[in-house]
Amino acid sequence: MKKVTLLMSGIMVMSCAPQQKKPVYPETAKVDTVDVYFGTQVPDPYRWLENDTSAATTAWVEAQNKVTNEYLSQIPFRENLLKRLTELADYEKISAPVKKHGKYYFSKNDGLQNQSVFYVQDSLDGEPRVFLDPNKLSDDGTVALTGLYFSHDGKYTAYTISRSGSDWSEIYVMDTESGKLLEDHIEWAKFTDAAWQGDGFYYSAYDAPTKGKEFSNVNENHKIYYHKIGEPQSKDKLIYQNPAYPKRFYTSGTSEDERILFLTESGAGRGNNLFIRDLKKPASPFIQLTTDLDYQYYPIEVIGDWIYIYTNYGAPKNRIMVADINRPKLEDWKELVPESEAVLSNAEVIGGKLFLTYDKDASNHAYVYDLDGKQLQEIELPSLGSVGFSGNKDDKECFFGFTSFTIPGATYKYDMDKNSYELYRAPKVQFNSDDFVTEQVFFPSKDGVKIPMFLTYKKDLKKDGKNPVFLYGYGGFGISLNPGFSSNRIPFLENGGIYAQVNLRGGSEYGEEWHVAGTKMQKQNVFDDFISAAEYLISQKYTDKDKIAIVGGSNGGLLVGACMTQRPDLFRVAIPQVGVMDMLRYHKFTIGWNWASDYGTSEDSKEMFEYLRGYSPLHNLKPGTKYPATLVTTADHDDRVVPAHSFKFAATLQADNDGTNPTLIRIDSKAGHGAGKPMAKVLEEQADIYGFIMYNLGMKPKF
């Protein structure tokens with residue numbers, strides 16, 4: 001549930017904004033559907049839009065897109081904006097290399113390729129050759145590579161793909177050396193890796209869904225199977241299922257020596273349970289190590305008889321513990337690296353050492369520990385930003401990728417003996433990063449809690465209360481928003497705007513307590529934090545209410561929807577992307593039930609129902625209200641947050657808005673929740689979003 005987008009800037013005040021003919025919205029039929037919750041009747045007049053495959057819904061989508069496209073086509077600078085965005089995106093994007101069986105693998109996008117290509121080279125200075133090119137899997141770039149999994153002996157490579165942005169996965173297998181595609185093909189897999197053991201792998205899948213309801217029906221009974229190379233899927237062996245809990249996820253992983261099969265159970269709390277099976281003992285049962293789904297337990301590595309585990313059990317800011325394979329249950333675990341003031345956000349073993357990443361005020365810091373839990377050194381990163389390490393547990397060769405708001409992803413080679421690093425690869429982007437600066441500010445929320453926010457802008461910016469602001473947040477599911485680069489922000493920054501990224505409660509920037517403070521009956525804290533961010537920027541003369549655009553995706557789309565309905569006076573533009581807008585029915589579609597740990601459901605209790613209805617964007621629109629200029633975005637293959645959320649919200653908003661500002665919905669085709677979207681579609685969508693924001697803020701950008 002996560003996605004980030006941006007804005008653009010300009011110099012005209014709102015009263016000088018260009019005007020175009022007001023959109024004439026399609027008529028949306030109403031039905032008399034009424035639900036009853038604890039004796040309270042709640043009408044749902046656009047329930048019919050939940051049927052995403054009906055002819056009526058298809059006709060509605062076409063009519064809405066026609067109105068939206070007509071509006072966007074009249075924006076005078078849209079063509080130049082798309083050209084500039086395309087120019088900025090046209091740079092090499094290369095991942096850090098991963099060493100497997102003596103060879104180096106990395107992904108690279110030459111610039112405007114729809115999907116990144118995987119390459120292999122025999123040495124670091126060897127000639128790269130194509131290993132797998134996802135662009136050849138479809139004519140339009142809508143088939144995305146979502147995972148690459150090498151067998152432990154290096155003989156086979158399994159890879160997962162998704163089509164048109166769906167969460168459904170298919171698994172294929174190729175001969176690693178020759179690249180020849182084998183006949184193996186797995187369908188209806190979901191939220192899965194390929195966990196190798198011998199000449200086969202474990203994977204997670206559902207039964208084939210009802211035809212025509214593949215992207216909307218509730219997903220139930222996640223199962224783990226074992227597939228042997230060369231056999232059809234119909235012969236795959238069922239390894240694990242739990243019919244007692246159909247609305248849970250079950251995923252698997254294996255240790256490098258193929259001794260241990262890990263099984264994780266999640267979906268009914270804020271964390272997961274952990275199970276193991278000893279694969280060296282035929283027919284051995286799964287041993288359940290943990291019993292509380294509100295804590296996280298993730299195996300990092302197996303070394304000898306010890307399992308290294310990342311967990312927040314007894315440590316809201318996370319710690320490292322170890323379990324003896326011979327006595328693996330939680331009560332026998334030993335603490336290796338205790339909880340600290342900073343939040344432990346990632347851990348891995350490289351070259352016989354622990355590489356730990358900590359978050360301090362939402363920015364990454366990196367440290368090296370020995371396997372006994374002793375800190376050896378800190379890695380001084382290039383600047384305020386985010387880091388990701390790459391390396392093997394027994395190989396001292398180590399790389400890390402680093403990025404910030406103004407530095408695109410660069411790769412460094414790290415020498416762990418000298419605690420030094422050198423630049424290995426850095427992309428060249430057509431803008432001058434030295435023209436911009438990032439600062440971090442802290443402001444009080446409604447209840448006085450201090451909230452951090454990153455601000456990025458041109459160095460010569462004046463605090464005159466007239467600067468356009470792109471205000472972005474997420475605030476949910478323990479997801480932290482760390483510094484990161486996007487070329488889509490550059491035109492916005494170049495034209496004098498401020499990109500503001502808020503670290504709301506509901507994330508994990510300060511650990512699990514920060515997360516819980518933005519969940520269930522405390523969800524309003526998240527919206528208060530976001531509203532307070534806007535008020536702070538106004539009070540400090542960065543901007544004013546007529547120059548603020550708010551954007552968020554998925555859970556962030558809920559954030560935008562809730563804030564624009566609670567404070568329609570505070571924002572000029574709102575972009576809720578693939579948002580959860582119907583808080584009373586979200587759990588009735590695909591995997592929506594998995595979000596109950598953060599939201600609660602309307603079925604839990606009368607109190608929970610009333611709380612959800614109190615902020616649900618769909619249920620808090622009021623007739624005759626002047627809402628911000630709004631562009632709702634969704635896609636036809638989004639089976640994470642089904643498009644019905646956006647459909648019903650847009651229809652209601654069009655009916656209730658006072659008519660002052662446009663209310664449009666952009667519905668993409670052959671696309672999903674956001675992951676894997678081809679570059680061409682990304683650029684088109686960004687041009688539409690930026691164009692809508694800039695136009696409605698009265699900007700006159702120079703490209």
Considering only heavy atoms from C-beta outward, does the side chain of [X] approach that of [Y] to under 4.5 Å?
{"X": "Y203", "Y": "T251", "answer": "no"}
{"X": "Y308", "Y": "L371", "answer": "yes"}
{"X": "P678", "Y": "E684", "answer": "no"}
{"X": "N242", "Y": "E265", "answer": "yes"}
{"X": "T411", "Y": "F400", "answer": "no"}
{"X": "R270", "Y": "Y295", "answer": "no"}
{"X": "N318", "Y": "T311", "answer": "no"}
{"X": "Q241", "Y": "I224", "answer": "no"}

**OP:** Using the side-chain hydrogen bond (donor to acceptor under 3.5 Å, both in side chains) rule, pick out the option among Q197, K280, H152 that qualifies with E258.
**Re:** H152

Subject >> For D133, all residues meeting side-chain contact (heavy atoms from CB on, under 4.5 Å), sequence neighbours excluded >> reply: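 side-chain contact (heavy atoms from CB on, under 4.5 Å) list for D133, sorted by chain: V117, V130, N135, K136.
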
Original post:
Who are the side-chain contact (heavy atoms from CB on, under 4.5 Å) partners of K334, not counting sequence neighbours?
Top reply: W306, V322

Are the aromatic ring centres of [X] and [Y] under 6.0 angstrom apart?
{"X": "F399", "Y": "Y412", "result": "no"}
{"X": "W196", "Y": "F201", "result": "yes"}
{"X": "H222", "Y": "Y250", "result": "no"}

Subject >> Donor-acceptor contact below 3.5 Å, side chain S266 vs main chain N272 >> reply: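 Here the side-chain-to-backbone pair does not exist.
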
Original post:
Looking only at atom types and distance, does a side-chain atom of S166 sit under 3.5 Å from a main-chain N or O of R163, one as donor and one as acceptor?
Top reply: no

Heavy-atom count check: over 12 atoms from other residues, nucleotides or ligands less than 6.0 Å from [X] [atom1]?
{"X": "Y369", "atom1": "OH", "result": "yes"}
{"X": "R129", "atom1": "CZ", "result": "yes"}
{"X": "D139", "atom1": "CG", "result": "no"}
{"X": "Q377", "atom1": "CD", "result": "yes"}

Salt-bridge test for [X] and [Y]: reply yes if a basic N is under 4.0 Å from a carboxylate O, no otherwise.
{"X": "K329", "Y": "D324", "answer": "no"}
{"X": "D110", "Y": "K108", "answer": "yes"}
{"X": "K223", "Y": "D207", "answer": "yes"}
{"X": "D394", "Y": "K99", "answer": "no"}

What's the separation between atom [atom1] in [X] and atom [atom2] in [Y], rounded to the nearest 0.5 Å?
{"X": "L85", "Y": "N488", "atom1": "CG", "atom2": "CG", "result": "5.5 Å"}
{"X": "N114", "Y": "T142", "atom1": "CG", "atom2": "OG1", "result": "8.5 Å"}
{"X": "T406", "Y": "L493", "atom1": "OG1", "atom2": "CG", "result": "9.0 Å"}
{"X": "S386", "Y": "L381", "atom1": "OG", "atom2": "CG", "result": "9.5 Å"}
{"X": "S383", "Y": "I407", "atom1": "OG", "atom2": "CD1", "result": "4.0 Å"}
{"X": "L354", "Y": "I300", "atom1": "CG", "atom2": "CD1", "result": "6.5 Å"}

According to salt bridge (Lys or Arg N to Asp or Glu O under 4.0 Å), does anything in [range] pair up with another residue at least two apart or in another chain? List the pairs.
{"range": "residues 225-240", "value": "none"}
{"range": "residues 669-678", "value": "D140-K670, D668-K677, K677-E685"}
{"range": "residues 171-191", "value": "K103-E177, K190-D639"}

Are side-chain N/O atoms of [X] and [Y] paired as donor and acceptor at under 3.5 Å?
{"X": "N503", "Y": "Q501", "value": "no"}
{"X": "T192", "Y": "S169", "value": "no"}
{"X": "D361", "Y": "S363", "value": "no"}
{"X": "D636", "Y": "S669", "value": "no"}

Set of residues satisfying ring pair (Phe, Tyr, Trp, His ring centres under 6.0 Å) with respect to [X], sequence neighbours excluded:
{"X": "F275", "result": "none"}
{"X": "F262", "result": "none"}
{"X": "F106", "result": "Y119"}
{"X": "H185", "result": "Y172"}

Subject >> Where at least one partner belongs to residues 349-360, residue pairs that pass side-chain hydrogen bond (donor to acceptor under 3.5 Å, both in side chains), sequence neighbours excluded >> reply: S345-D359, D359-N364, D359-N482, K360-Y367

Subject >> Test side chain to side chain contact (heavy atoms under 4.5 Å, CB included) applied to Y225 and H227, step by step >> reply: CA-CA 6 Å; Y225 293 90; H227 173 77; over 6 Å; no

**OP:** Identify which one of Y104, Y105, F118 satisfies the ring pair (Phe, Tyr, Trp, His ring centres under 6.0 Å) criterion when paired with F131.
**Re:**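 That would be Y105; it is the only one of Y104, Y105, F118 passing the ring pair (Phe, Tyr, Trp, His ring centres under 6.0 Å) with F131.
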
Only distances under 3.5 Å count here; give the side-chain donor-acceptor pairs of residues 418-428 to other protein atoms, sequence neighbours excluded, each with its distance to 0.1 Å.
from: N419; atom 1: OD1; to: Y414; atom 2: OH; distance (Å): 2.6
from: N419; atom 1: ND2; to: E378; atom 2: O; distance (Å): 3.1
from: Y421; atom 1: OH; to: E380; atom 2: O; distance (Å): 2.6

**OP:** Return the orientation label for the F191 and F249 ring planes: parallel under 30°, perpendicular over 60°, tilted otherwise.
**Re:**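 F191 vs F249 ring planes: perpendicular.
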
Under 3.5 Å donor-acceptor pairs involving side-chain atoms of residues 155-162, not counting sequence neighbours:
from: T157; atom 1: OG1; to: T176; atom 2: OG1; distance (Å): 2.7
from: T160; atom 1: OG1; to: T146; atom 2: OG1; distance (Å): 2.8
from: T160; atom 1: OG1; to: G147; atom 2: N; distance (Å): 3.0

